[in-house]
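Single-structure report; data block below.
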Amino acid sequence: MLDIKFIRENLDLVKENIKNRNMTANADLAVFLYDEKNSLQQEIDSLRQKRNANAALMKGKLSPEERAVLIEEGKNLKEKIAELEKLFAEKEAAYSTAILEIPNMAHPEVPVGKEDKDNTEIKRVGKIPSFNFKPKDHVELGEALDLIDFETAAKVSGPKFYYLKNDAVFLEFALIRYTLDILRKKGFTLIETPDIAKEEVAAGIGFNPRGDESNIYTVEGTGTCLIGTAEITLGGYYADKIFDKSNLPIKMAGISHCFRREAGAAGKHSRGLYRVHQFTKVEMFVYCLPEESDSFHKYLLETEEEIFRGLDIPYRVVDTCSGDLGASAYRKFDIEAWMPGRENGGDWGEVTSTSNCTDFQSRRLGIRYKTDNGNKFVHMLNGTAMALSRALVCIFENFQQEDGSILIPRKLIPYTGFDRIGGKV
RNA sequence: GGAGAGGUGUCCGAGUGGUUUAAGGAGGCGGUCUUGAAAACCGUUGACGUGCGAGCGUCCGUGGGUUCGAAUCCCACCUUCUCCGCCA
């Protein structure tokens with residue numbers, strides 16, 4: 001969430017930002033409710049002060065008459081306080097709802113636009129492969145080589161689930177190990193996180209676990225949800241923590257399963273492994289000082305590129321436009337890899353995403369660091385190191401051969417132990 | 001899952017209704033002393049809200065309740081430890 005004082009002092013900018021993001025949050029309402037809540041709080045505080053003073057008068061020995069007068073006074077105060085406290089709770093809930101709907105501000109360089117086609121392409125790397133045969137998509141390849149089974153998964157678990165089989169399992173583990181090796185060399189702390197988190201933590205990160213629009217599965221009756229990304233468990237890791245400046249920055253690499261409802265997502269764009277209810281992901285997460293977050297954002301993007309470049313898959317980088325930014329993000333870069341089986345003749349598909357969320361998450365989660373001028377909120381950033389399901393799409397489709405086999409990217413061979421799936425043995 | 005015992009400030013730990021404005025100790029920071037360090041001694045040391053400020057308010061696992069007044073009494077929940085059961 002944003003600082004209410006910032007909202008008040010920059011009301012026009014905040015409103016413009018909400019509009020640019022295609023959102024409907026009401027900044028005026030948040031400020032209004034804050035003032036109401038605040039004046040009520042002051043009223044309650046002064047009554048409490050009277051109550052405390054009254055109680056203090058009763059510490060010593062008093063005549064029964066004197067005591068009776070004080071008790072009567074105390075009872076009156078108690079009633080008034082209870083009344084106002086009830087009202088306050090209502091105001092506070094309304095205020096909380098209002099301010100939580102307001103999205104993070106955007107980096108001045110974020111392109112203004114409504115949807116993903118308004119994103120700015122920053123660069124392209126690698127050469128789009130040309131095939132002298134008709135390339136298949138990963139679904140056909142996976143079925144032909146007995147690597148992915150969607151049909152049985154649909155029967156057992158429902159649509160948008162899959163079984164990975166045979167060498168695809170080794171390939172997935174190879175990708176994980178390849179990624180973790182790079183991240184450890186770069187000084188990330190490796191963490192395997194829980195796949196379940198409390199709803200309040202998910203909400204603090206900016207995922208709303210409730211409601212029809214939620215992309216998150218809740219676990220009934222437990223107050224918890226299946227995580228949509230390790231961003232939730234990594235961001236919640238230091239909730240309520242006050243860092244010493246010397247502890248920062250902190251770089252974490254978390255591996256988890258990710259669960260997404262993806263309600264209503266169907267069609268060509270979402271075919272096969274591209275959009276599924278469950279996948280495995282290695283996620284990077286950084287806690288740092290505010291003045292460092294822009295450069296750490298670039299660092300996360302560079303790391304994503306380094307990992308992806310090692311797979312010899314062509315990709316481009318886009319600077320996400322305002323309308324396509326999540327509520328928490330100040331700025332977001334995506335890597336889109338070339339997927340020859342996508343659309344007709346291939347298309348770009350998102351494989352990583354890195355966001356600088358500045359202090360939007362830390363303010364809600366209470367993650368701070370000490371300064372000479374009091375405690376300040378840290379900046380928090382996240383980035384995909386490796387989303388396994390989408391990486392498999394890229395490898396299958398880009399490295400398919402005319403005989404139906406799939407070559408393994410050079411750098412992965414030490415991890416897989418084989419250099420080709422299918423075809424000649 | 002059953003039985004029992006706990007959860008207090010950065011840490012340890014005292015505190016069972018109003019001299020607690022949370023004792024005491026450790027650690028941290030500042031100082032005295034010292035060539036320097038250690039020791040000793042003195043001082044200081046939480047968070048949040050609000051207010052220009054002095055200040056005021058809130059926070060003793062969480063949420064309710066009792067009371068003029070709650071760290072302290074009651075209820076529910078969470079969580080840690082010990083033992084038993086079950087289990088990869």
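We use all heavy atoms of the structure for the numbers below, so side chains are in, but hydrogens, waters and symmetry mates are not. Below, chain A is the first sequence line, B the second, and so on; all start at residue 1.
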(request) Evaluate the criterion side-chain contact (heavy atoms from CB on, under 4.5 Å) for residue pair A:Asn382 and A:Met380; output intermediate values, then yes/no. (result) CA-CA 7 Å; A:Asn382 63 81; A:Met380 292 162 69; over 6 Å; no

(message) Could you walk me through whether A:Glu36 and A:Tyr95 satisfy the side-chain hydrogen bond (donor to acceptor under 3.5 Å, both in side chains) test, starting with their C-alpha distance in whole Å, then the side-chain angles of each, then the deciding distance to 0.1 Å, before giving a yes or no?
(response) CA-CA 9 Å; A:Glu36 282 210 314; A:Tyr95 162 69; over 6 Å; no

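For the P atoms, the distance linking B:rG63 with B:rA70 amounts to 16 Å, nearest Å. To the nearest whole angstrom, the two C1' atoms, one in B:rG46 and one in B:rC11, are 13 Å apart. Of the C1' atoms belonging to B:rA22 and B:rA71, the separation is 8 Å, rounded to the nearest Å. Atom name C1', nucleotides B:rG13 and B:rU8: the rounded distance is 9 Å, in whole Å. Comparing B:rC41 with B:rU67, their P atoms sit 50 Å apart, to the nearest whole Å. Atom C1' of B:rG69 sits at a distance of 14 Å from the matching atom of B:rU20, rounded to the whole Å. Atom name C1', nucleotides B:rG15 and B:rC60: the rounded distance is 11 Å, in whole Å. The gap from the P atom of B:rA14 to that of B:rG9 amounts to 13 Å, rounded to the nearest Å.
Across all strands shown, A:Arg368 has heavy atoms under 4.0 Å from sugar-phosphate atoms exclusively, and none from any base. At the heavy-atom level, A:Gln49 lies under 4.0 Å from the strands shown only through sugar-phosphate atoms. At the heavy-atom level, A:Lys78 lies under 4.0 Å from base atoms of the strands shown. Residue contacts for A:Lys198: at a heavy-atom cut-off of 4.0 Å it reaches no nucleic acid atom on any strand shown. No engagement by A:Asn76 is indicated, since no non-hydrogen atom pair under 4.0 Å with the nucleic acid exists.
Judged as a salt bridge (charged side-chain N to carboxylate O under 4.0 Å, His left out), and not counting sequence neighbours, the contacts of A:Arg177 are A:Asp181.
No side-chain donor-acceptor contact under 3.5 Å links A:Asp334 to the backbone of A:Thr320.
Nearer the 5' end of RNA chain B, as judged by each residue's closest nucleotide, is the contact made by A:Ala56, out of A:Ala56 and A:Lys75. Each of A:Asn38 and A:Leu70 has a nearest nucleotide on RNA chain B; the 5'-most of these lies closest to A:Asn38.
Look at A:Asp294 and A:Arg331 and you find no salt bridge, because none of the NZ, NE, NH1 or NH2 atoms lies under 4.0 Å from a carboxylate O.
Think of the region where chain A sits on RNA chain B: with heavy atoms and a 4.0 Å cut, that region ends 5' and 3' at B:rG18 to B:rG69.
Of the residues A:Glu85, A:Glu90, A:Lys91, A:Glu92, the one that meets the side chain to side chain contact (heavy atoms under 4.5 Å, CB included) test with A:Leu40 is A:Lys91.
The list of ring-ring contact (aromatic ring centres under 6.0 Å, His included) pairs with a residue in residues 1-20 of chain A, not counting sequence neighbours, is empty.
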(message) Counting Watson-Crick and G-U wobble pairs with both distances under 3.5 Å, what is the dot-bracket string for RNA chain B, 5' to 3', using [ ] for crossing pairs and | for pairs to another strand?
(response) ((((((((.[[[..)..(.....]]]((((((.......))))))(((((....))))).[[[[[..)....]]]]])))))))....

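The neighbour count for A:Lys15 NZ, taken as heavy atoms of other residues, nucleotides or ligands under 6.0 Å away, is above 12. Around the CZ atom of A:Arg67, the shell of radius 6.0 Å holds more than 12 heavy atoms that belong to other residues, nucleotides or ligands. Atom CZ of A:Phe418 has more than 12 heavy atoms from other residues, nucleotides or ligands within 6.0 Å.
Between A:Asp319 atom CG and A:Asp324 atom CG the span is 11.0 Å, to the nearest 0.5 Å.
Residues of residues 357-366 of chain A that place a heavy atom closer than 4.0 Å to RNA chain B do not occur.
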N/O donor-acceptor pairs under 3.5 Å from side chains in residues 393-401 of chain A, not counting sequence neighbours:
from     : atom 1 : to       : atom 2 : distance (Å)
A:Glu397 : OE1    : A:Gly341 : N      : 2.7
A:Glu397 : OE2    : A:His138 : N      : 2.8
A:Glu397 : OE2    : A:His138 : ND1    : 2.9
A:Asn398 : ND2    : A:Trp338 : O      : 2.8
A:Asn398 : ND2    : A:Cys394 : O      : 2.9
A:Gln400 : OE1    : A:Lys136 : N      : 2.8
A:Gln400 : NE2    : A:Lys136 : O      : 2.8
A:Gln400 : NE2    : A:Glu397 : O      : 3.0
A:Gln401 : NE2    : A:Phe399 : O      : 3.0

